[in-house]
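All heavy atoms count here, side chains included; hydrogens, waters and symmetry mates do not. Here the structure is a predicted model, which is why all the values come from computation and not from measurement.
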Amino acid sequence: MLITSILALSASAMAKRNALIRLLPAAETLGSTTVICSDKTGTLTKNEMTVVRIHTGGKDYSLSGAGYHPSGEFSTDGQPISILENIALAESLKAGSFAVMQLSE
């Protein structure tokens, strides 16, 4: 009973601050997030973020390049790699492209 009361009071306080999420998928996504990237030194003013590292399939991949310029390469342990030869990396990039397409609709 005490925990229920505390949760109800907390929800009420959050509602007053417009901090409640009404859509369950949004709450589930936020709950499973392990890293939130944020920067106030150019990202917001230039609307530009650059991925420099991807961890997928138990491996770390580095990316070169910056901004929207379509150049750069993938590497692991300092050695350039082909995306087509790394299934986990290719699938992660495909999932990311689907997410971007979904956001633009």
Side-chain angles (χ1 to χ4, degrees):
M1 176 83 173
L2 178 64
I3 292 176
T4 304
S5 299
I6 291 171
L7 290 174
L9 289 171
S10 299
S12 176
M14 290 173 65
K16 288 178 185 174
R17 296 180 182 165
N18 295 326
L20 289 180
I21 299 172
R22 285 185 274 166
L23 302 174
L24 187 58
E28 289 173 348
T29 301
L30 187 59
S32 64
T33 301
T34 56
V35 176
I36 296 176
C37 300
S38 130
D39 180 19
K40 293 178 106 178
T41 60
T43 302
L44 298 176
T45 55
K46 293 173 64 177
N47 197 25
E48 190 175 286
M49 287 185 80
T50 303
V51 176
V52 295
R53 188 176 69 113
I54 296 175
H55 181 84
T56 185
K59 292 184 180 180
D60 283 323
Y61 299 94
S62 299
L63 288 77
S64 63
Y68 292 113
H69 190 44
S71 66
E73 63 182 23
F74 291 87
S75 63
T76 184
D77 298 326
Q79 300 297 318
I81 60 166
S82 168
I83 300 170
L84 300 175
E85 295 173 3
N86 295 280
I87 295 171
L89 179 59
E91 291 297 315
S92 293
L93 294 172
K94 187 164 53 169
S97 68
F98 288 148
V100 169
M101 289 175 15
Q102 194 71 10
L103 288 173
S104 64
E105 291 179 354

Name each donor-acceptor pair under 3.5 Å that joins a side chain in residues 73-88 to protein atoms two or more places apart or in another chain, with its distance.
unit_1 : atom_1 : unit_2 : atom_2 : d
Thr76  : OG1    : Asp60  : O      : 3.1
Ser82  : OG     : Leu84  : N      : 3.3
Asn86  : ND2    : Ser82  : O      : 2.8

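His55 and Gly58 get closest at one heavy-atom pair: CE1-C, 3.7 Å.
The line from CG of Leu63 to CD1 of Ile54 is 5.0 Å long, rounded to the nearest 0.5 Å.
Val51 and Tyr61 end up in the same hydrophobic cluster when Ile, Leu, Val, Met, Phe, Trp and Tyr side chains are linked at under 4.5 Å.
Taking Thr56 as the reference, Ser92 meet the side-chain hydrogen bond (donor to acceptor under 3.5 Å, both in side chains) condition, with sequence neighbours excluded.
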